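In what follows, a single structure is set out as structure tokens and then discussed.
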2 protein chains.
Amino acid sequence: MASDASPAPTPVTLREVAAAAGVSVATASKALNGQGRMMAETRERIRETAQRLGFRPNSLAQSLLRRRSFTVGLLTNDTYGRFSLPVMSGISDALVDKGVSVFLCNVEDDQRLGQLHVEAMLDKRVDGIIATGKRIDRHLPVDLANLRIPVIYAFTQPDPGAIAFVSDDAGGARLAVEHFWRLGRRRIVHFSGPASFAVVHARAQAYRDVLTEKGLPAMEPLLGSWSEAWGHEAVKKLFDRKGEKPDAVFCGNDQIARGVIDALRERGLDVPDDVGVIGFDNWQIVAEATRPPLTSVDMNLAALGREAGLTLLSLVGGEPAAPGIRKLPCRLVVRQSCGRPPGG
Amino acid sequence: MASDASPAPTPVTLREVAAAAGVSVATASKALNGQGRMMAETRERIRETAQRLGFRPNSLAQSLLRRRSFTVGLLTNDTYGRFSLPVMSGISDALVDKGVSVFLCNVEDDQRLGQLHVEAMLDKRVDGIIATGKRIDRHLPVDLANLRIPVIYAFTQPDPGAIAFVSDDAGGARLAVEHFWRLGRRRIVHFSGPASFAVVHARAQAYRDVLTEKGLPAMEPLLGSWSEAWGHEAVKKLFDRKGEKPDAVFCGNDQIARGVIDALRERGLDVPDDVGVIGFDNWQIVAEATRPPLTSVDMNLAALGREAGLTLLSLVGGEPAAPGIRKLPCRLVVRQSCGRPPGG
DNA sequence: CTGAAAGCGCTTACAG
DNA sequence: CTGAAAGCGCTTACAG
């Protein structure tokens with residue numbers, strides 16, 4: 001016997017289930033939760049009754065009692081969402097299976113909004129909070145210190161002493177430069193974004209380190225903006241001058257790489273035959289639109305989100321976790337902008 | 001006297017406030033809610049006590065009583081988020097000021113996930129649900145009929161008889177074609193995405209309608225994919241053949257337009273002098289990277305989200321609303337890909 | 001094996 | 001003007 005097509009205007013309560021099954025609410029509760037001991041038939045009868053009436057326990061009441069709401073707050077300032085969204089969906093996916101729901105809080109860069117959302121979360125008794133953003137070197141406009149509930153930072157600047165997950169930018173850069181090396185490229189340059197970004201320095205340093213380890217001459221990275229236009233401009237700067245030209249360009253993001261590839265083609269250079277190009281972010285829609293499709297470093301943001309979500313849950317469950325910043329590995333997604341190894 | 005730097009491990013309750021102020025919890029409740037009548041001084045003393053102790057009412061308890069949780073569920077299948085994200089932030093912004101929080105539910109295209117999230121929302125007693133997605137002609141993998149709480153569809157295929165907000169695609173296409181007309185362009189073509197998308201037909205029909213109204217010969221739109229590559233290919237198809245060339249291309253999205261602009265430049269045609277180009281979606285990061293920057297139709301998705309959020313709230317508040325699909329106007333964002341009017 | 005009682009934190013008639 | 005009581009929907013010791 002299925003439940004009605006049009007549901008009752010008000011949800012069925014445990015009290016109604018108990019009445020229908022001819023037991024007390026206490027017994028009904030225990031039957032449905034598998035608690036206490038009672039005759040198997042009683043338990044089964046109550047279960048069937050609940051099922052038949054379409055009973056679903058009111059989470060609000062359960063939360064009040066259990067002191068656990070099975071909700072978490074997710075703060076972000078990334079309205080555009082290119083970085084936040086994979087993180088967010090990773091978090092959401094990790095939590096939905098545990099019955100935990102996620103409040104989406106868009107705080108922009110607005111103190112008032114930040115405060116408003118944090119207070120709303122606290123009032124709604126979220127079990128924990130995850131902060132995420134569009135830059136790992138900027139703090140959200142919120143005060144998350146001394147909150148009484150666990151807080152995790154994911155892809156945003158953490159408070160000192162907090163637990164944070166970020167991508168391993170240096171490791172990602174290494175992946176790119178070492179890939180070029182393995183392909184036999186020896187004149188590798190690096191174009192990146194503005195010096196005001198911490199990741200620009202982390203990636204540039206890793207780039208220098210690998211060159212040094214391989215005994216190649218250090219070339220200073222060219223810093224500019226995160227745009228295609230800067231990719232064009234950087235190519236002009238470097239390929240206009242006399243002397244040996246680079247045979248590989250490692251770019252700080254995919255848009256720069258896109259500009260580089262277009263600029264190289266415009267001056268008659270072949271990618272990957274003359275010059276190999278690698279981007280960063282693995283922004284699929286851009287990486288697949290370049291000609292040829294772009295090899296790029298992926299920060300594994302969805303995995304980062306999963307990790308953050310799972311860690312928050314274990315904190316909520318009372319398990320301890322060491323504070324600090326955990327760097328999660330990137331991976332290189334190989335497409336066609338670098339060619340094959342010399343003998344390959 | 002501010003609250004402690006490190007908060008109590010457990011939030012302060014109304015009972016504690018009442019005790020500290022020397023009144024009953026009932027009186028404390030009424031004082032803080034502005035209910036009932038009591039001496040102004042009593043009310044003020046209770047307020048101060050609450051303030052001093054950092055009292056914040058437990059929303060879970062309030063919700064249980066009020067039968068209103070001040071939360072709504074937001075379902076989406078747009079993991080990538082290009083369309084969903086503006087809608088979502090519009091919704092969130094509209095609701096946060098009313099104290100309503102939003103549960104983010106990523107249902108992908110997975111029935112199981114959809115069911116899981118809807119049940120979680122119902123169990124958590126959300127006041128309403130908003131469904132959004134990446135296509136207005138596809139239904140989310142969830143059953144939202146007969147839910148007992150209000151449901152609004154925003155930028156996704158609604159159930160029959162439901163309330164839905166979508167962009168006015170035909171109106172947006174008109175904006176583009178009429179803009180070309182005003183600029184004196186008379187040989188206007190239309191490149192768009194796959195025929196399997198409803199918006200492709202809506203926009204194509206509006207394109208034909210405007211041409212007919214203006215007494216221009218109808219040219220059949222060229223349908224392909226949503227990619228830059230298709231923009232290139234379509235240019236090749238149309239500009240390779242003999243006879244008069246188009247002087248304006250209205251594109252079904254910004255990526256096609258990007259491909260068109262690049263392809264035109266590659267064959268020595270000037271944009272906008274020889275050919276004007278308009279895109280659709282106003283995907284800022286693409287529109288601003290084309291050379292010249294792209295004029296594009298914006299679907300006003302954030303406004304659509306706001307509208308959806310506000311309407312849901314009024315339904316929750318018991319106000320009636322007529323079912324049906326409401327088309328919200330697009331706007332044309334003029335950049336430099338169309339040039340100026342003949343005399344301008 | 002089952003039920004009456006107390007309670008989570010709050011609000012709202014209803015008495016005094 | 002203020003407080004004791006009942007109750008939102010559930011769970012969990014504690015009696016029987």
Side-chain angles (χ1 to χ4, degrees), chain A residues 8-47 49-50 53-71 99 122-127 148-149, chain B residues 8-47 49-50 53-71 99 122-127 148-149:
Chain A
T10 162
V12 6
T13 67
L14 184 60
R15 174 204 300 259
E16 301 175 66
V17 173
V23 295
S24 70
V25 290
T27 303
S29 172
K30 279 174 289 194
L32 297 175
N33 293 316
Q35 300 295 325
R37 43 205 71 232
M38 68 188 66
M39 293 193 325
E41 321 153 47
T42 310
R43 195 181 293 270
E44 199 41 47
R45 176 163 44 88
I46 296 172
R47 285 218 166 111
T49 310
L53 299 180
F55 170 74
R56 307 233 71 202
N58 184 331
S59 287
L60 298 172
Q62 292 182 316
S63 298
L64 195 55
L65 234 29
R66 299 211 232 258
R67 279 114 199 304
R68 181 112 155 54
S69 65
F70 291 89
T71 62
L122 259 19
D123 289 352
K124 287 182 171 128
R125 297 302 188 262
V126 293
D127 299 328
R148 157 199 329 125
I149 53 175
Chain B
T10 161
V12 4
T13 67
L14 185 60
R15 175 202 300 258
E16 302 175 66
V17 173
V23 296
S24 72
V25 290
T27 303
S29 173
K30 279 175 287 192
L32 297 175
N33 292 317
Q35 301 295 326
R37 40 207 72 232
M38 70 188 67
M39 294 195 323
E41 321 153 48
T42 310
R43 194 181 292 267
E44 198 41 46
R45 176 164 45 89
I46 295 171
R47 285 217 165 114
T49 309
L53 299 180
F55 170 74
R56 307 232 72 204
N58 183 332
S59 288
L60 298 172
Q62 293 181 316
S63 298
L64 195 55
L65 235 28
R66 299 211 231 260
R67 280 113 201 305
R68 182 114 154 52
S69 65
F70 290 90
T71 62
L122 259 18
D123 289 352
K124 286 182 172 128
R125 298 301 189 260
V126 293
D127 299 328
R148 147 183 355 111
I149 54 174

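Remember, predicted model here, so these are calculated numbers, not experimental data. Just so we're on the same page: letters track the sequence lines, and every chain starts at 1.
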List the steps, then state whether side chain to side chain contact (heavy atoms under 4.5 Å, CB included) holds for A:Leu32 with A:Leu14. CA-CA 10 Å; A:Leu32 297 175; A:Leu14 184 60; 3.8 Å; yes
Interatomic distance, [X] [atom1] vs [N] [atom2] [rounded to whole Å]:
X        : N      : atom1 : atom2 : result
A:Phe70  : C:dC8  : CZ    : P     : 19 Å
B:Leu32  : C:dG9  : CG    : C1'   : 13 Å
B:Arg125 : C:dC10 : CZ    : C1'   : 18 Å
A:Leu64  : D:dT11 : CG    : P     : 12 Å
B:Arg66  : C:dA13 : CZ    : P     : 13 Å
B:Glu16  : C:dC8  : CD    : P     : 11 Å
B:Leu60  : C:dG7  : CG    : P     : 20 Å
A:Arg56  : D:dG9  : CZ    : P     : 17 Å

How would you label the contact of B:Ser63 with the nucleic acid (heavy atoms, under 4.0 Å): base, sugar-phosphate, or nothing?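 Result for B:Ser63 = nothing.
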By nearest atom, which of the nucleotides [options] is closest to the [X] side chain?
X       : options               : result
B:Ser24 : D:dA4, C:dC10, C:dC8  : D:dA4
A:Arg67 : D:dG9, C:dG9, C:dC1   : C:dG9
A:Leu14 : C:dA4, D:dT11, D:dT2  : D:dT11
A:Lys30 : D:dT11, D:dA13, D:dA4 : D:dA13
B:Asn33 : C:dT11, C:dT2, D:dC1  : C:dT11
B:Ala61 : D:dA4, C:dG7, C:dC10  : C:dC10

Looking at [X], I'd like to know whether one of its side-chain N or O atoms comes within less than 4.0 Å of OP1 or OP2 on [N].
X       : N      : answer
B:Gln62 : C:dT11 : yes
B:Arg15 : C:dG7  : no
A:Ser29 : D:dT12 : no
B:Thr27 : D:dT2  : no

Point-to-point distance, once rounded to the nearest 0.5 Å, from OG of B:Ser69 to CG of B:Leu60: 9.5 Å
Paired with C:dA13 by Watson-Crick or G-U wobble geometry, both distances under 3.5 Å: which nucleotide is it? none
Hunt down the Watson-Crick or G-U wobble partner of D:dA4, both distances under 3.5 Å, from any strand shown, or write none. none
Might you work through the side chain to side chain contact (heavy atoms under 4.5 Å, CB included) test for A:Gln62 and A:Leu65, ending with a clear yes or no? CA-CA 5 Å; A:Gln62 292 182 316; A:Leu65 234 29; 5.9 Å; no
Hey, does the side chain of B:Thr49 reach the backbone of B:Arg45 with a donor-acceptor pair shorter than 3.5 angstrom?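 Indeed, once roles are kept as given, a pair shorter than 3.5 Å links the two residues.
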Kindly say whether A:Asp123 contributes a backbone atom to a donor-acceptor pair with the side chain of B:Ser59 at under 3.5 angstrom? yes
Considering only atom P, compute the distance from D:dG7 to C:dA4 and round it to an integer number of Å.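 Nearest-Å result for D:dG7 against C:dA4 at atom P: 16 Å.
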Would a 4.5 Å heavy-atom cut-off, applied to side chains only, mark B:Phe70 and A:Lys124 as touching?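 A side-chain contact under 4.5 Å exists here.
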Walking DNA chain D from its 5' end, the first of B:Met38 and A:Gln35 to be reached, judged by nearest nucleotide, is B:Met38
Heavy-atom nearest nucleotide on DNA chain D for B:Leu65 versus A:Ala26: which residue maps closer to 5'?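 Upstream on the strand: B:Leu65.
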